[in-house]
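Read the numbers this way: they start at 1 and go in the same order the structure lists the ligands and their atoms.
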Amino acid sequence: MLNTATKPEATDAQQELTDGFHLVIDALKLNGINTVYGVPGIPITDLGRMAQAAGIRVISFRHEQNAGNAAAIAGFLTKKPGVCLTVSAPGFLNGLTALANATTNCFPMILISGSSEREIVDLQQGDYEEMDQLAIAKPLCKAAFRVLHAADIGIGLARAIRAAVSGRPGGVYLDLPAKLFSQVMNADAGAKSLVKVIDAAPAQIPAPSAIKRALDLLKSAKRPLIILGKGAAYAQADDDIRALIERTGIPFLPMSMGKGLLPDTHPQCAGAARSTVLKAADVVMLIGARLNWLLSHGKGKSWGDAPKKFIQIDIEPREMDSNVEIAAPVVGDIGSCVSALLAGIGANWPAASAEWVGAVNSKREDNIAKMAPRLMNNKSPMDYHGALGALRTVIKERPDAILVNEGANTLDLARGIIDMYKPRKRLDVGTWGVMGIGMGFAIGAAIETGKPVLAVEGDSAFGFSGMEVETICRYNLPVCVVIFNNNGIYRGTDVNSAGSDVATTVFVKDSRYDKMMEAFGGVGINATTPDELKRAVDKAMDSGKPTLINAVIDPAAGSESGRIGNLNPQSVIRKK
Ligand SMILES: Cc1ncc(C[n+]2csc(CCOP(=O)(O)OP(=O)(O)O)c2C)c(N)n1
Ligand SMILES: [Mg+2]
């Protein structure tokens, strides 16, 4: 049903009217967008109220970046664009970081921002929150549109939805100037102007010749490897991906957010033998994974000297040859590509060589065995391994729970230690390694899935979005935040060699983050041993109550920048 207003003075030919506010809401609903994340203010406060009154769930945040991150992860989890609604200039800029991050990570998202009066903005006459938002957004997202007339709202939203989800998904900016909202038009004409987007992300079928080339290469491999990226998780082609891997018997390596597509405990999972398989493989098939810095650009030391050939499955043709030559590009959506590969493989595909599979397995078993005792230590204060050993069991016992993870050591070690069992259950810092996704992702995931969320956060990482614990309490979300409190960034032990200020990487010692949660009526717990931590998390996950656990970690346990310390530039004249 369209929302309508009746013009009071209309008499004979009484006209049903609608306006920009109602058309935006109707257009969202028509396209199945039932949740919006945002922060209210001029000119979108009433839009939020009216959307809520019209049955859209409007989740109000404390900062737009977190609302934007919630929208972005909603897009990743549902394949529908997550919508973030912000005010002009500063609110828009706060949301823009999340939009740019969504674009980099290929998450479909639409940032809708109110904006100030075009006539004044364009003459730079100093309007309230003046900013040429469209121009600023353009280079940071996949597409950017502005709607000036109420009659174009339907088309504007349709274009935004298509741009966000079709082809390689990404962030879209939609600029709605304040004046648009109160523009009035005939309700029938308004209803007709709306567009229900049909087949927003059309299948992109790979060429049969590309499939044949890929299979020929794969068949010739002696030491094949499949790498699963977050694109593979996004595709929701879980059964076919699993069948492809199991029928070929090829070892697979999941990227961080590709974890759980097949369980990390699957006999073909090479996660615990990563450095060995990257070096030794002769044919590598990338499924929704890019050869960016996270895979050392497909060359150099981590890939070893053995010659390699790549098969790459990606929806974006320009991804091919981005870093190294791709011998067999397969361009199409991952679902269609994997199903075509499966059809080509048929029933008689030769199993991967026992020698190769055996070598990978023995390396993996060695590494797992080496790690095992460290995960069982019950030290106090905890080290990362002891604390993560406890959380690993929590997820093993609750494979449906969603794990959000950010930090440096807290991220890198959790990624390796906590096994995932189901697809799209691990949400983290992604391509940029950005801090600040924590509470936004946790809230978005809880709202979209209704599943319990465990957010494992470095104390620094948490600080970027920490105020949203109030939002978690306000909406009574089943989120358990565990803060790995080591008193700082990487370590809590740095000292400033000059002056009286503390070192740049340390925080107030022995802070009690659990008290923050208590301030808003949630459960706060201070845990000093892995056993205590496990008990507290179990309780939180079972009760579904908003909980924050301050996990006391040895300030000396971490290392600089976690696993990527090598990326720090070094001064050669550091010590005079
Ligand atoms: C937006 C943003 N700002 C800064 C950084 C740099 N950075 C990387 S990790 C990190 C925090 C690491 O500390 P913490 O979260 O406490 O994890 P720990 O290593 O101590 O476990 C920072 C600030 C970043 N990645 N993103
Ligand atoms: Mg820390």
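Salt bridge annotation for Glu397-Lys534: present, with a cationic side-chain nitrogen under 4.0 angstrom from a carboxylate oxygen. Comment: Arg415 engages Asp412 in a salt bridge, judged by a side-chain N to carboxylate O separation of less than 4.0 angstrom. Contact check on Arg168 versus Asp314 returns a salt bridge, with a Lys/Arg side-chain nitrogen under 4.0 Å from an Asp/Glu carboxylate oxygen.
Using a 30° and 60° split on the angle between ring planes, His266 and Phe252 fall in the perpendicular class, above 60°. Using bins of under 30°, 30° to 60° and over 60° for the plane-to-plane angle, the ring pair Phe484/Tyr384 lands in the tilted bin.
The closest approach between any non-hydrogen atom of Tyr384 and ligand 1 is below 4.0 Å. Ligand 1 is never approached by Gly558 to a heavy-atom distance shorter than 4.0 Å. Within the 4.0 Å heavy-atom shell around ligand 1 one does not find Phe484. Ligand 1 lies within reach of Phe464, whose nearest heavy atom is under 4.0 Å from it. The shortest separation from a heavy atom of Ser561 to ligand 1 is not under 4.0 Å, leaving the residue out of contact.
The two residues Lys379 and Asn377 have their closest heavy-atom pair at N-OD1, 3.0 Å.
Remark: Leu403 CG to Cys480 SG distance equals 11.0 Å, nearest 0.5 Å.
Among the atoms of Gly558, no N, O or S atom is found under 2.8 Å from the Mg ion (ligand 2). When distances to the Mg ion (ligand 2) are checked against a cut-off of 2.8 Å, Asn486 contributes an N, O or S atom below that limit.
Residue, atom and distance of the protein heavy atom nearest to atom 25 (N) of ligand 1 are Gly433 O, 2.9 Å. Among protein heavy atoms, atom 14 (P) of ligand 1 sits closest to Ser460 CB, 3.6 Å.
Which parts of ligand 1 touch Ala408 is read off a 4.0 Å heavy-atom cut-off, strictly below it: atoms 9 (S), 12 (C), 17 (O), 18 (P), 19 (O). Each of the following atoms of ligand 1 lies closer than 4.0 Å to a heavy atom of Ala461: 15 (O).
Of the candidates Asp412, Asp459, Ile489, Ile553, the one placing a heavy atom closest to atom 16 (O) of ligand 1 is Asp459. Looking at Met435, Arg491, Glu457, it is Met435 that brings a heavy atom closest to atom 2 (C) of ligand 1.
Here the options are Asn405, Asp264, Asp419, the test is side chain to side chain donor-acceptor pair (under 3.5 Å), and the partner is Arg426; only Asn405 passes.
Less than 4.0 angstrom separates atom 6 (C) of ligand 1 from none of the non-hydrogen atoms of the protein.
Between Thr410 and ligand 1, an N or O atom pair is found at a separation short of 3.5 Å.
Using a 4.5 Å heavy-atom cutoff, the side chains of Tyr173 and Leu96 are not in contact. Inter-residue side-chain proximity for Trp303 and Leu295 is flagged as met; some heavy-atom pair is nearer than 4.5 Å. Proximity of Met439 to Met467: side-chain heavy atoms (C-beta onward) are nowhere separated by under 4.5 Å.
At a heavy-atom cutoff of 4.0 Å, ligand 1 is contacted by the side chain of Asn486 but not by its backbone.
Within Asp459, OD1 is the N, O or S atom that lies nearest to the Mg ion (ligand 2).
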